[in-house]
Structure formats: C-alpha cells, structure tokens
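Throughout, residue positions are numbered sequentially from 1 according to the sequence presented. As the structure lists them, so they are numbered: ligands from 1, and atoms in each ligand from 1.
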Amino acid sequence: MPLLVEPALPPGTLRDAAQPRLAADGLVLRSWRRGDAAAVRTAFGCADIQRWHVRRLDTLDEATEWVGQWADGWDAETAASWAVADADDQPLAQVGLRGISLAEGSASVSYWVTPAARGRSVATRSVNALSDWAFHVIGFNRLNVSHSIANAASCRVAERSGYRLEGTLRQAIKHTDGWHDWHIHGRLQTDN
Ligand SMILES: CC(C)(COP(=O)(O)OP(=O)(O)OC[C@H]1O[C@@H](n2cnc3c(N)ncnc32)[C@H](O)[C@@H]1OP(=O)(O)O)[C@@H](O)C(=O)NCCC(=O)NCCS
C-alpha cells in the first residue's frame, strides 16, 4: 500500500556515514570503545543510574556487551550512544538517541553522568551538542526527553537544554518500586 508522505529522513541517513565525533563546550562526544567497559561497569554501580535506567551491569562481560551494542544500533539506525569524554579521553557520561524513527524524524534522548562529574553541566552541554547535530546536521524534526516525575535532576537537564515540558503520562514506566508517571519534554528543529 503506498504511503501518502515521504519519510522525514531516508534510510541510510545514519548508517551511510561513520558515527561522528562531536564537540560539546569543552567535552568530546565520541563512539564507545571496548576499552571503556570497565568505566561503564563502574558507572552502573551508581544507585541513581541503576534506578533511572532500570538495569545493573554485574560483570565486565556485560559491560563489554553494553559498549558493543551501539555499533549495531547505528547500523540498524534504531539507537545511538556517545561516550562523553574529558581531556584525558575518559568517559564521564553517556548521551544518546533511542527509538530512532527516520520516517518520523524523531528519537528520544537518553543521558547519565557519573557521580563525580555531576553538577558541572556535563549533561546539559552533552544534550545540547547532540541536539544541535541531530537537528542541524542530520535534520531530525523532533526529539523527546522522558523521565519519571520523581527525577527532578533529569527534569532540570531537559528544561535547561530547551526541551519544553509538554505533559505527563500516567503510570507510563515501571521502576523497581512500581509504576511512575512520566514527564514528556520535546524540542523541535524549529524551536532553535
Ligand atoms: C540527571 C543527571 C544526568 C544530571 O547530570 P549533571 O551533569 O549533574 O546535570 P547538569 O549539571 O547539566 O544539570 C543538573 C541540574 O539538575 C539540578 N539538580 C541536580 N540534582 C538535583 C535534585 N536532586 N533535585 C533537583 N534538581 C537537581 C542541578 O541543580 C542542575 O540544575 P541548575 O543548573 O538549574 O541548578 C545525573 O544526575 C544522573 O546521571 N542521574 C542518574 C541517571 C539519570 O537520572 N538519567 C536520566 C534518566 S531520564
């Protein structure tokens, strides 16, 4: 059955090029490497990262698998993740896109920051750099940030990065302590 609209972004928009390295106001967003697995395992030792991302990484093998999945996501054009690195090239944080729909030109933004790096706008700088690339280099139309209404820090990151609060979905996500209502924030290419 023919579609009546063209896809917002054609297939191959991501996979036809290498995942880019992005500058983020003193930080670098780069692809994950196998050698980052130990840092990722340590990051997932943080109770807040476990809580809000609803997973643990118990072994180096699991962390290696986590690091390795993103090359497949890029090739499938369904998900992407960047390590946010400091001047020593050590990962301080993660920022990425989940649920990528090229047809709709949309995706959801994901982020976490290791405890020692928090409070220095690492998340905000990273989300802004990723958003600028996604909107102005790739041509996404809309990006979302969704978080439990109990996650006040994530809400601030979304607001500070230009993602307007658009509404609350009731009991939209299951955390270890039960169902949580979800804030939906959105930023459009034309918001900038
Ligand atoms: C949320 C998170 C990514 C923020 O990282 P960060 O680099 O410290 O964020 P920034 O420095 O860019 O901004 C943090 C903002 O949140 C505010 N904040 C931090 N902790 C807060 C809290 N407990 N309650 C309310 N606001 C809080 C800060 O004051 C700051 O806002 P301000 O500049 O207006 O004062 C980090 O705390 C984290 O990784 N948390 C665990 C994982 C997570 O929640 N991921 C998001 C899932 S949706």
Donor-acceptor check, side chain of Gln50 to backbone of Phe44, threshold 3.5 angstrom: yes or no?
yes

Should Trp74 and Glu77 be marked as a side-chain contact (heavy atoms from CB on, under 4.5 Å) after you check the CA-CA gap, both sets of side-chain angles, and the distance that decides it?
CA-CA 5 Å; Trp74 183 265; Glu77 302 181 293; over 6 Å; no

Min N/O separation Ala117 to ligand 1 under 3.5 Å
no

In terms of atom number and element, which parts of ligand 1 are under 4.0 angstrom from non-hydrogen atoms of Thr124?
10 (P), 12 (O), 13 (O)

Within-cut-off N or O pair, Val113 and ligand 1, under 3.5 Å:
yes

Is the shortest distance from atom 28 (C) of ligand 1 to a protein heavy atom below 4.0 Å?
no

Out of all atoms in ligand 1, which are within 4.0 Å of some heavy atom of Val157? Include the element for each.
4 (C), 9 (O), 13 (O)

Need the ligand 1 atom indices (1-based, order shown) with element for anything under 4.0 Å from a heavy-atom of His147.
48 (S)

With the threshold set strictly below 4.0 angstrom, can you tell me whether any protein non-hydrogen atom sits that near atom 23 (N) of ligand 1?
no

Would you call Ser146 a ligand 1 contact, heavy-atom distance under 4.0 Å?
yes

Are any of the protein's heavy atoms under 4.0 angstrom from atom 37 (O) of ligand 1, yes or no?
yes

Check: Gly119 N/O within less than 3.5 Å of ligand 1 N/O:
yes

Strictly distance-based, threshold 3.5 Å: is any side-chain N or O of Glu166 a donor or acceptor partner for the main-chain N or O of His185?
no

Check: of Trp182, Trp112, Tyr111, min heavy-atom distance to atom 45 (N) of ligand 1 comes from Tyr111

Is it the case that the side chain of Arg125 and the backbone of Leu27 share a donor-acceptor pair, with hydrogens and angles ignored and the cut-off at 3.5 Å?
no

Is there a donor-acceptor pair under 3.5 Å between the side chain of Asn151 and the backbone N or O of Ser154?
yes

What do we get for Arg160 next to ligand 1 when only non-hydrogen atoms under 4.0 Å count, side chain, backbone, both or neither?
side chain

What about Trp133 and Trp82, are their ring centers closer than 6.0 Å?
yes

Is His53 close enough to touch ligand 1? Criterion: a residue heavy atom under 4.0 Å from a ligand atom.
yes

Applying side-chain contact (heavy atoms from CB on, under 4.5 Å) to Val127 and Val157, what does each step give before you reach the verdict?
CA-CA 8 Å; Val127 171; Val157 171; 4.2 Å; yes

Any nitrogen or oxygen of Trp52, side chain or backbone, less than 3.5 Å from one on ligand 1?
no

When rounded to the nearest 0.5 angstrom, what distance separates CG in Leu143 from CG in Leu130?
7.0 Å

For ligand 1, indicate whether the residue Asn151 contacts it via side chain, backbone, both or neither (heavy-atom separation under 4.0 Å).
side chain

Please confirm whether His180 and His147 have ring centers closer than 6.0 angstrom.
no

